[in-house]
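Structure, as structure tokens:
We use all heavy atoms of the structure for the numbers below, so side chains are in, but hydrogens, waters and symmetry mates are not.
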Amino acid sequence: MQAFRKFLPMFDRVLVERLAAETMSKGGIMLPEKAQGKVLQATVVAVGPGSTNQKGKLTPMSVKVGEKVLLPEYGGTKVNLEDKEYFLFRDADILGKYVE
């Protein structure tokens, strides 16, 4: 559990910052905004404490702050903090994480 700029997600929520969209093609051509694909990669910036199961035990989160994750194409809640755009997802909605 770690807060980000005085914001702490509740339960099994994860606050992420999407990576910037590619503005150039591999061939060096500038891409217009409409041609840029939706960015599905993000960096975790804050995580909640986890959810409780039916027996009252805390289920730990599967991601940690700083990890790169793969997001679903749709979903999440947009949150604006200090003029930057972030998204809240449930821990179970995150599709995977990148390992180095």
Query raised in the report: Is Leu58 isolated, or which residues cluster with it under the ILVMFWY side-chain rule of less than 4.5 Å, directly or via members?
Result: none

Query - Val16 vs Val45 side-chain heavy atoms within contact, under 4.5 Å - result: no

Requested in this report: Establish, yes or no, whether the cationic atom of Arg18 lies under 6.0 Å from the six-membered ring centre of Phe87 and within 45° of the ring axis.
Outcome: yes

**Report entry** Separation between CG of Leu8 and CZ of Arg13, rounded to the nearest 0.5 Å
**Finding:** 12.0 Å

Report task. Please examine the side chains of Phe7 and Leu15, heavy atoms only from C-beta on, and report whether any two atoms are closer than 4.5 Å. Result -> yes

Return a table of donor-acceptor pairs under 3.5 angstrom between the side chains of residues 61-73 and protein atoms on other chains or two or more places apart.
residue: Ser62; atom: OG; partner: Asp91; partner atom: OD1; Å: 2.8
residue: Ser62; atom: OG; partner: Asp91; partner atom: OD2; Å: 3.1
residue: Glu67; atom: OE1; partner: Lys64; partner atom: N; Å: 2.8
residue: Lys68; atom: NZ; partner: Thr43; partner atom: OG1; Å: 3.2

Report task. Answer yes or no: is there a side-chain heavy-atom contact under 4.5 Å between Pro9 and Val47? Result -> no

**Report entry** Interatomic distance, Asp93 atom CG to Asp12 atom CG [nearest 0.5 angstrom]
**Finding:** 8.5 Å

Query raised in the report: Are Lys78 and Tyr86 close enough that some pair of their side-chain heavy atoms sits under 4.5 Å apart?
Result: no

Query raised in the report: For Met10, what are the other residues in its hydrophobic cluster, where any two members join if their side-chain heavy atoms are less than 4.5 angstrom apart?
Result: Phe11

Requested in this report: Group every Ile, Leu, Val, Met, Phe, Trp and Tyr by side-chain heavy-atom contacts under 4.5 Å, then state whether Leu40 and Tyr98 land in the same group.
Outcome: yes

Report task. Looking only at non-hydrogen atoms, find the nearest pair between Glu85 and Glu17 and report the distance. Result -> O-CG, 4.4 Å

Query - Asn53 (side chain) donor-acceptor with Gly56 (main chain) under 3.5 angstrom - result: yes

